[in-house]
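Below, all heavy atoms of this structure are taken into account, side chains as well, without hydrogens, waters or symmetry copies. From a predicted model like this one, the values you see are computed outputs, not experimental measurements.
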Amino acid sequence: MSQTSSVTMRIDCDDKKKAEILFNSLGLNMTTAFNMFIKQAIMCQGLPFAVTMSNSNSSDDYFYSKANTNHLDRSIAQLKNAKKHELMEISEDE
């Protein structure tokens with residue numbers, strides 16, 4: 001059996017709460033999620049996600065917003081199933 005070590009880190013309180021809610025919904029706790037991250041980083045020999053200066057997931061960029069990507073996913077599924085394509089108009093407030 002491998003030995004374990006404790007890690008202490010500081011994280012914003014709101015981020016911690018949001019992360020705990022997310023991980024709990026996935027059936028994980030913070031320790032398991034952190035261990036998964038570490039294992040993936042070791043396997044990738046780097047961070048297991050892209051780190052860039054651009055903010056393509058910004059709420060200012062509608063194309064990458066959750067609402068639009070969900071709509072695009074539905075549209076692709078409709079096209080694959082030969083159904084009519086749904087046209088959606090969105091106000092700039094969304």
Side-chain angles (χ1 to χ4, degrees):
M1 182 175 195
S2 100
Q3 294 181 346
T4 62
S5 178
S6 294
V7 175
T8 302
M9 63 181 134
R10 296 206 174 275
I11 185 171
D12 179 83
C13 290
D14 290 337
D15 288 345
K16 181 180 182 239
K17 288 176 189 172
K18 290 175 185 175
E20 286 175 331
I21 291 168
L22 171 64
F23 298 146
N24 286 336
S25 71
L26 296 169
L28 305 170
N29 59 30
M30 290 290 274
T31 299
T32 303
F34 184 72
N35 279 310
M36 290 171 70
F37 170 79
I38 295 297
K39 296 282 187 187
Q40 284 295 306
I42 292 167
M43 284 178 27
C44 295
Q45 291 296 294
L47 293 174
F49 48 81
V51 178
T52 64
M53 294 298 289
S54 67
N55 194 3
S56 63
N57 291 323
S58 167
S59 61
D60 295 336
D61 189 349
Y62 172 74
F63 186 80
Y64 292 101
S65 71
K66 186 170 180 78
N68 194 50
T69 54
N70 287 341
H71 176 69
L72 291 171
D73 290 341
R74 284 192 312 272
S75 296
I76 291 167
Q78 288 174 348
L79 289 170
K80 285 182 179 178
N81 293 324
K83 294 180 181 176
K84 290 184 179 181
H85 179 71
E86 172 189 338
L87 180 60
M88 184 171 95
E89 291 187 33
I90 297 181
S91 69
E92 291 193 24
D93 295 341
E94 292 185 46

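By the side-chain contact (heavy atoms from CB on, under 4.5 Å) test, Asn35 pairs with Thr31, sequence neighbours left out. A search for side-chain contact (heavy atoms from CB on, under 4.5 Å) contacts involving Ala41 returns Pro48, not counting sequence neighbours. Qualifying side-chain contact (heavy atoms from CB on, under 4.5 Å) partners for Asp73, counting only residues two or more places apart in sequence or in other chains: none.
In the hydrophobic clustering of ILVMFWY residues, with side-chain heavy atoms under 4.5 Å counting as a link, Met43 and Ile38 come out apart.
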For residues 8-16, which side-chain N or O atoms pair as donor and acceptor with protein atoms under 3.5 Å away, sequence neighbours left out?
{"residue": "Asp12", "atom": "OD2", "partner": "Asp14", "partner atom": "N", "Å": "3.0"}
{"residue": "Asp12", "atom": "OD2", "partner": "Asp15", "partner atom": "N", "Å": "3.1"}
{"residue": "Lys16", "atom": "NZ", "partner": "Glu20", "partner atom": "OE2", "Å": "3.3"}

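Looking at heavy atoms from C-beta onward, Ile21 lies out of side-chain contact with Asn24 at the 4.5 angstrom threshold.
Its side chain within the 4.5 Å cluster rule, Met36 clusters with Leu22, Phe23, Leu26, Leu28, Met30 among the Ile, Leu, Val, Met, Phe, Trp and Tyr residues.
Across Lys66 and Thr69, no two heavy atoms sit closer than the pair O-OG1, 3.1 Å.
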